[in-house]
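Worksheet: the structure to be examined is printed underneath.
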Amino acid sequence: MNSQIRIVLVEPSHPGNIGGAARAMKTMGLSKLSLVRPKRFPDPQADWRAAGALDIILDAEVHETLQSAVASCVLVAATSARGRHIPWPVLESADFASLVHKKYGFSDPIGIVFGREDSGLTNDELNLCNLQVRIPASNAYGSLNLAMSVQVIAYDLFRIGMDPDSEHDVWDRNLATHRAVESFYEHLESVLTAIDFYDPDNPREAMTRIRRLFSRIELDETEVQILRGILTHMENAMN
């Protein structure tokens, strides 16, 4: 099991759900929990629901933004059933677990993002993620409790991680972190604006589709450096 898999809860409204998520994580060998603007935390109800997973609660990181919570991650997955105007790569839970174990190493930081209990994740938050993960459920009633959702995802990661044939591919460079890729997007948007290709006041879908394109590629550190070097040369030529 990857030791750097991070469960990220965005604005959880009830501390009991934080504790339930921590307990679900520990039963499946996960230990890293991040909270983005929790409504009530720390809270005795979180401690009580965590039962034997109090250590995960005590070590949980609290962030003001989702960007901060996933900054060091090389893969960010959103657990969401929300449809999108521009389709994003979507994997079912078991297929996502297979991807993690095949493509990523033991120490690659991976963030799995869970939205608000009542409204999930916003489109802007989904845009920060490389792909969406869906938990198959009944069409008649497919709503899962937050802690249950964490349990299902964690179970698939644990189960497939036990498969001796799930060895991951070897890559020659470290994958780029979320922070590095976001900086590249900012640099790219700046250059596209300077050459009048992109209008920030009338953005339409250009940057969203560009994000989707690069999310499918899995950029490594060297590739991001090359791309930013190209952008810098373009800026120098314009000047």
Side-chain angles (χ1 to χ4, degrees), residues 1-2 4-14 17-18 20-25 27-30 32-36 66-67 69-70 73-104 108-163 166 168-169 175 178 181 205 208-218:
M1 173 70 77
N2 185 315
Q4 297 300 314
I5 293 175
R6 179 176 299 277
I7 299 297
V8 182
L9 309 183
V10 176
E11 294 186 358
S13 61
H14 195 286
N17 286 332
I18 299 174
R23 185 172 183 176
M25 291 169 58
T27 60
M28 298 298 149
L30 302 179
K32 294 187 178 298
L33 175 64
S34 290
L35 308 172
V36 179
L66 177 57
Q67 292 95 321
V70 300
C73 295
V74 300
L75 173 69
V76 182
T79 57
S80 175
R82 178 192 291 251
R84 300 170 60 107
H85 174 60
I86 299 176
W88 224 251
V90 179
L91 292 177
E92 292 193 355
S93 176
D95 295 328
F96 170 69
S98 295
L99 172 74
V100 168
H101 290 295
K102 178 175 176 57
K103 290 283 188 181
Y104 299 90
D108 285 333
I110 293 170
I112 307 173
V113 182
F114 295 80
R116 302 158 188 82
E117 292 94 331
D118 58 347
S119 60
L121 296 166
T122 67
N123 283 332
D124 285 343
E125 289 164 344
L126 287 171
N127 280 344
L128 295 174
C129 303
N130 302 102
L131 54 86
Q132 289 180 229
V133 180
R134 186 177 71 87
I135 297 174
S138 168
N139 290 330
Y141 187 68
S143 177
L144 287 175
N145 172 273
L146 176 58
M148 291 179 182
S149 298
V150 173
Q151 185 75 78
V152 172
I153 300 292
Y155 167 74
D156 278 334
L157 287 165
F158 182 79
R159 175 178 60 85
I160 293 176
M162 295 176 66
D163 182 356
S166 64
H168 71 275
D169 295 336
L175 293 173
H178 176 81
V181 175
E205 298 175 350
T208 300
R209 289 186 178 276
I210 288 171
R211 280 176 172 270
R212 182 178 67 171
L213 166 65
F214 283 108
S215 290
R216 297 201 304 270
I217 294 174
E218 296 178 339

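Checked by atom type, the side-chain pair E117/N17 shows a donor-acceptor distance below 3.5 Å.
By the 4.5 Å heavy-atom criterion applied to side chains, S34 and L9 are not counted as neighbours. Side chains of L146 and F114 form a contact here, defined as non-hydrogen atoms less than 4.5 Å apart. Considering only heavy atoms from C-beta on, I110 comes within 4.5 Å of Y104 through its side chain. Counting heavy atoms from C-beta outward, E218 and V74 have side chains that stay 4.5 Å or more apart. Contact check for V113 versus T79: no side-chain heavy atoms found under the 4.5 Å cut-off. Using a 4.5 Å cut-off on side-chain heavy atoms (C-beta onward), L128 and V70 make no contact. Taking 4.5 Å as the limit, every side-chain heavy atom of R6 sits out of range of all side-chain heavy atoms of I112. Two residues are said to be in side-chain contact when any heavy atoms from C-beta on lie closer than 4.5 Å; L35 and V8 fail this criterion.
By the neighbour-count criterion of 12 heavy atoms within 6.0 Å, atom CZ of R23 is sparsely surrounded, having that number or fewer from other residues, nucleotides or ligands.
Electrostatic pairing of R116 and E125 counts as a salt bridge here, judged by a charged N lying under 4.0 Å from a carboxylate O.
For the side chain to side chain contact (heavy atoms under 4.5 Å, CB included) test, residues two or more places apart in sequence or in another chain that qualify with S215 are W88, N130, Y185.
A donor-acceptor pair is defined here as one N or O able to donate and one able to accept, closer than 3.5 Å; no such pair exists between the side chain of H178 and the backbone of L75.
Here the CG-NE2 distance, from D118 to H14, works out to 13.0 Å after rounding to the nearest 0.5 Å.
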